[in-house]
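Once you've had a glance at the structure underneath, I'll fire off some questions.
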Amino acid sequence: MTHVAIIMDGNGRWANALGQPREFGHRHGAESVRRVVEAAPDHRIDTLTLYAFSSDNWGRPAPEVSVLMRLLRRYLRSESAELREKGVRLRVVGRRDRLTPALVRAIERAEAQTEGGRRLLLRLAVDYSSRDLLVEAVRRAAESNRLERHDIANLLGQAMNGGGPAPDVDLLIRTGGEQRLSDFLLWECAYAELYFTDVMWPDFGGEHLAEALAEYRARDRRFGKVAAAS
Ligand code: IPE
Ligand code: IPE
Ligand code: MG
């Protein structure tokens, strides 16, 4: 079973290259989410974590932030029934106290509606900052004097509303050409395979996911040990 995480980057540049406003890219980006969620179970992906909005993204111009929030709400409202039908369980990970009440309600509804999904756990990271979550997890760990690795993983899962311990990432994909983590899943990516592609997120589809998975499966993950055959 495989946990894939994706930094969905490049919406704005994709739109600008077409002479369109950044919002146009975000709208098309939502279509890529649909395609990837649809394709994921075929690749034996059981957990898919998508970076939708970082805590630092609050620093963008207000109109862009509100478009992103509106798209998110629309996605949750329009997709929940289909996700449920496909056996997808949705969780939104990150802070909720800075989201509008309407968005929080949409999140809670979508999570409740898809709770029984067993084919794929889809985690959408919204108002997400890996560092802030680590600080919160460590604070809770210190308060309860539970400071082992598994305690941190459990408390990190709790701090992000993850519905369980924070699962290690097997493969991290970033679209859009940049090669950085941008405060995403710093703890969980300790041994993640990293895959960077120049494909912009609105162009990303099932075939790109298949390519990334094929490369991932061909890699030798040693976890600090030596290869089996040597
Ligand atoms: C990713 O695309 C979407 C979010 C970060 C919300 P960007 O909006 O970062 O697009 P670029 O990277 O500026 O092209
Ligand atoms: C990371 O992309 C956040 C998301 C994809 C949601 P950014 O576009 O915000 O990251 P930087 O600014 O290039 O590091
Ligand atoms: Mg970007």
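Numbering of ligands and ligand atoms starts at 1, following listing order.
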If you take all heavy atoms of Leu120 and Ala40, which pair is closest and at what distance?
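Nearest pair, atom of Leu120 first, then Ala40: CD2-CB, 4.1 Å.
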His3 and its side-chain contact (heavy atoms from CB on, under 4.5 Å) partner, picked from Leu48, Thr47, Ile45
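With His3 as partner, Leu48, Thr47, Ile45 yield a single side-chain contact (heavy atoms from CB on, under 4.5 Å), made by Thr47.
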Proximal heteroatom of Asp9 relative to the Mg ion (ligand 3) (N/O/S):
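When I compare the N, O and S atoms of Asp9, OD1 is nearest to the Mg ion (ligand 3).
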Glu207, CD: over 12 other non-hydrogen atoms inside 6.0 angstrom
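Count over threshold, so yes.
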Element-labelled atoms of ligand 2 that are located less than 4.0 Å from some non-hydrogen atom of Arg180:
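So the answer, numbered in order with elements, is 11 (P), 13 (O), 14 (O).
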Residues around ligand 1, heavy atom under 4.0 Å from any ligand atom, sorted by chain and number. Can you pull those?
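Protein residues near ligand 1 are Met8, Asp9, Gly10, Asn11, Gly12, Arg13, Arg22, His26, Ala52, Asn57, Arg60, Glu64, Leu68.
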Aromatic ring pairing Phe24/His28, orientation class (parallel under 30°, perpendicular over 60°, tilted between)
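The arrangement is tilted - the two ring planes meet at 30° to 60°.
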When you check the side-chain N and O atoms of Asp127 and Ser55, is any donor under 3.5 Å from an acceptor?
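Yes, Ser55 and Asp127 have a side-chain donor paired with an acceptor closer than 3.5 Å.
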Validation row, ring centre Tyr195 to ring centre Tyr216 under 6.0 Å:
no
Decide, yes or no, whether a salt bridge links Arg35 with Glu31 under the criterion of side-chain N to carboxylate O below 4.0 Å.
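No, this pair does not count.
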